[in-house]
Every structure is written in C-alpha cells, then in structure tokens.
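Here the structure is laid out as structure tokens; the discussion comes afterwards.
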Amino acid sequence: MSDNQLPKQALHVRPSWDEYFLKLADTVASRATCDRGRSGCVIVKDRQILVTGYVGSPRGLPHCDEVGHLMKKMIHEDGSVTQHCVRTVHAEQNAITQAARRGIALEGSTLYCRMTPCRTCAMLIINCGIERVVCERKYHAGAESEAMFKEAGVKLEFIHNEIQQYEQQ
C-alpha cells in the first residue's frame with residue numbers, strides 16, 4: 001500500500017493550556033474526600049505546575065467519605081439559605097497551604113479550579129499574589145469574590161458562563 005492509499009486519520013487537536021490545566025484540576029479532584037464538592041485546583045506559573053490541592057479535611061481529621069458531612073446553613077443578605085459542608089478545606093486553600101509548606105512563592109501565578117472561589121479563598125488568592133484565576137463555571141454565591149478580584153486586579157475567566165450545579169446547593 002502506498003502513502004497515497006493509506007486511510008486519512010483525524011488530526012490530533014492539542015488542548016489549549018487552559019483546557020490542559022483544567023483537565024488536570026479535574027484529575028486532582030478525584031482525590032477529594034467530600035462527595036458534595038469533589039473539586040481540585042492547580043496553580044501554575046510559566047506553564048509549569050507549582051502545586052495542586054483538593055477538597056478534604058485538615059490533616060489527621062476524619063473525612064466526609066468516612067464519617068459524613070458537617071453541614072451548616074448560611075442565611076444570606078437577600079434571605080436565601082444555602083447549606084455548606086464545613087468539615088473540609090477547599091481545594092484552593094489546600095493548594096495554597098501546600099505551597100506554604102514547601103516554600104513555593106505563588107506571586108504572578110495562575111490558579112485553575114472548578115468554579116468561582118468562595119470569599120475566603122478569593123482573599124487568600126489576592127494576598128498570595130496570584131494574578132489570574134481560570135474557572136470551569138461560576139459559583140452560585142460568587143458575586144462578592146468576582147467584585148474583590150476586579151477591585152484587586154486579579155484577572156478572572158470562565159470557560160462556561162453558567163453556574164456549577166452540585167448536591168444540596
């Protein structure tokens with residue numbers, strides 16, 4: 001069979017850097033120990049991974065997957081009520097603490113995650129000097145974080161401009 005007769009194969013399309021790192025964040029999420037929000041985070045600088053983090057309980061404490069959730073209700077200014085599992089540390093918080101434990105500076109880096117970081121995570125991201133946050137989707141209570149990022153000059157980007165859905169939201 002000559003080269004002219006070989007069947008044509010579809011060309012492999014490489015993912016963009018953002019797609020690549022978001023897929024890695026999804027893989028990191030598979031280690032998460034709270035089934036309400038199995039989320040992961042990857043922090044990158046100059047296209048190199050600095051640290052990763054996933055949702056899980058603090059070191060040495062029981063995980064949701066082992067003992068169940070520790071749910072708290074939150075009443076918002078508009079009167080709406082949401083439920084949150086407070087047994088775990090968020091993926092972004094775990095990635096930032098891993099960087100601190102290893103002496104890795106995050107100044108000028110990009111953070112990849114599933115949805116808009118919560119208010120606490122946003123404040124940590126700003127103080128770490130992370131310059132860009134790329135999210136798969138929006139968080140239903142992310143407006144305050146979005147405003148803080150804008151005011152602090154942190155570039156926030158969404159791959160899908162829709163709200164992330166999850167159990168017991």
Side-chain angles (χ1 to χ4, degrees), residues 14-34 36-61 63-64 70 72 74 76-78 82 84-166 169:
R14 292 174 69 192
S16 70
W17 285 107
D18 287 346
E19 292 167 335
Y20 172 71
F21 291 122
L22 280 170
K23 285 180 184 185
L24 289 175
D26 280 341
T27 298
V28 171
S30 68
R31 291 278 307 154
T33 61
C34 178
R36 279 195 74 245
R38 291 200 198 279
S39 135
C41 171
V42 175
I43 302 178
V44 173
K45 187 170 183 179
D46 300 326
R47 298 182 179 159
Q48 295 295 308
I49 296 168
L50 300 177
V51 290
T52 65
Y54 53 84
V55 173
S57 295
R59 291 174 178 265
L61 298 181
H63 295 289
C64 295
L70 181 58
K72 299 283 182 177
M74 181 178 215
H76 301 274
E77 289 178 11
D78 66 0
T82 55
H84 297 269
C85 178
V86 296
R87 184 177 305 285
T88 59
V89 178
H90 292 181
E92 300 89 339
Q93 294 165 359
N94 272 326
I96 289 167
T97 58
Q98 287 302 315
R101 287 176 59 90
R102 287 167 174 62
I104 299 170
L106 300 178
E107 187 81 32
S109 62
T110 298
L111 183 145
Y112 293 89
C113 57
R114 177 168 288 162
M115 61 184 141
T116 317
C118 73
R119 183 182 196 284
T120 301
C121 288
M123 290 187 292
L124 292 172
I125 289 165
I126 292 165
N127 278 357
C128 285
I130 294 170
E131 293 181 349
R132 182 172 173 246
V133 176
V134 180
C135 310
E136 248 182 275
R137 290 183 172 75
K138 293 186 172 212
Y139 174 47
H140 70 275
E144 191 173 8
S145 297
E146 291 180 34
M148 278 195 297
F149 284 144
K150 185 175 182 176
E151 187 175 348
V154 174
K155 188 173 182 183
L156 177 63
E157 299 173 26
F158 298 99
I159 301 303
H160 305 288
N161 200 20
E162 58 195 33
I163 294 175
Q164 177 72 41
Q165 298 298 317
Y166 56 92
Q169 192 164 334

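Starting from 1, each residue takes its place in the sequence as its number. Predicted, not measured: the structure shown is a model, and the values here were computed from it. All values below were derived from every heavy atom in this structure, side-chain atoms included, with hydrogens, water molecules and symmetry-related copies excluded.
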Side chain to side chain contact (heavy atoms under 4.5 Å, CB included), that's the test. Do Val134 and Phe21 meet it? Break it down for me. CA-CA 9 Å; Val134 180; Phe21 291 122; over 6 Å; no
Contacts of type side chain to side chain contact (heavy atoms under 4.5 Å, CB included), residue Val89, not counting sequence neighbours: Pro58, Gln93, Asn94
Candidate pair Ile159 and Arg137, rule side chain to side chain contact (heavy atoms under 4.5 Å, CB included), full reasoning: CA-CA 6 Å; Ile159 301 303; Arg137 290 183 172 75; over 6 Å; no
Going by salt bridge (Lys or Arg N to Asp or Glu O under 4.0 Å), name the pairs with one or both residues in residues 48-58, residues two or more places apart or in two chains. none
Donor-acceptor check, side chain of Ser145 to backbone of Arg119, threshold 3.5 angstrom: yes or no? yes
Contacts of type ring pair (Phe, Tyr, Trp, His ring centres under 6.0 Å), residue Phe158, not counting sequence neighbours: none
With rounding to the nearest 0.5 angstrom, report the CD1 to CD distance, Ile96 to Gln98. 11.5 Å
Looking at Ser30 and Asp26, would you say the former's side chain and the latter's main chain have a donor-acceptor pair under 3.5 Å? no
Could you tell me which non-hydrogen atom of Ile126 sits nearest to which non-hydrogen atom of Met148, and how far apart they are? CD1-O, 3.9 Å
Identify the heavy atoms of Val51 and Ala95 that sit nearest to each other, and give their distance. CG2-O, 3.4 Å
Over 60° means perpendicular and under 30° means parallel, so tell me whether Tyr20 and Trp17 are parallel, tilted or perpendicular. perpendicular
Which donor-acceptor pairs under 3.5 Å do the side chains of residues 104-118 make with protein atoms, sequence neighbours left out?
{"from": "Ser109", "atom 1": "OG", "to": "Leu106", "atom 2": "O", "distance (Å)": "2.6"}
{"from": "Tyr112", "atom 1": "OH", "to": "Asp18", "atom 2": "OD1", "distance (Å)": "2.7"}
{"from": "Arg114", "atom 1": "NH1", "to": "Arg38", "atom 2": "O", "distance (Å)": "2.5"}
{"from": "Arg114", "atom 1": "NH2", "to": "Arg38", "atom 2": "O", "distance (Å)": "3.1"}
{"from": "Thr116", "atom 1": "OG1", "to": "Tyr139", "atom 2": "N", "distance (Å)": "3.1"}

Thr88 versus His90, side-chain donor and acceptor atoms under 3.5 Å: no
So salt bridge (Lys or Arg N to Asp or Glu O under 4.0 Å) across residues 40-49, not counting sequence neighbours, yields none
Under the salt bridge (Lys or Arg N to Asp or Glu O under 4.0 Å) rule, collect the residues that match up with Arg31, sequence neighbours excluded. none
CA sep, side-chain torsions, deciding dist, call: Val154, Leu156, side chain to side chain contact (heavy atoms under 4.5 Å, CB included): CA-CA 6 Å; Val154 174; Leu156 177 63; 5.7 Å; no
In chain order, what residues pass the side-chain hydrogen bond (donor to acceptor under 3.5 Å, both in side chains) check against His63, with sequence neighbours excluded? Thr33
Who are the salt bridge (Lys or Arg N to Asp or Glu O under 4.0 Å) partners of Glu146, not counting sequence neighbours? Lys138
If you look only at pairs with a residue in residues 113-132, which of them pass as a ring-ring contact (aromatic ring centres under 6.0 Å, His included), with sequence neighbours excluded? none
Minimal heavy-atom distance between Gly40 and Ala29, with the atoms involved, is N-CB, 3.3 Å
Is the number of heavy atoms from other residues, nucleotides or ligands under 6.0 Å of Met123 CE greater than 12? yes
Of all heavy-atom pairs between Cys64 and Ser57, which one has the smallest distance, and what is that distance? N-OG, 4.3 Å
Looking at OG1 of Thr27 and CG of Leu22, how far apart are the two atoms once the value is rounded to the nearest 0.5 Å? 11.0 Å
Quick one: list whatever passes side-chain hydrogen bond (donor to acceptor under 3.5 Å, both in side chains) with Glu157, sequence neighbours left out. Arg132, Lys155
Between Ile130 and Leu124, is a side chain to side chain contact (heavy atoms under 4.5 Å, CB included) present by the stated rule, with each step listed? CA-CA 9 Å; Ile130 294 170; Leu124 292 172; over 6 Å; no
Taking only residues two or more places apart in sequence or in another chain, which ones pass side-chain hydrogen bond (donor to acceptor under 3.5 Å, both in side chains) with Arg101? none
With sequence neighbours left out, write down each residue that passes salt bridge (Lys or Arg N to Asp or Glu O under 4.0 Å) with Arg87, or none if nothing qualifies. none
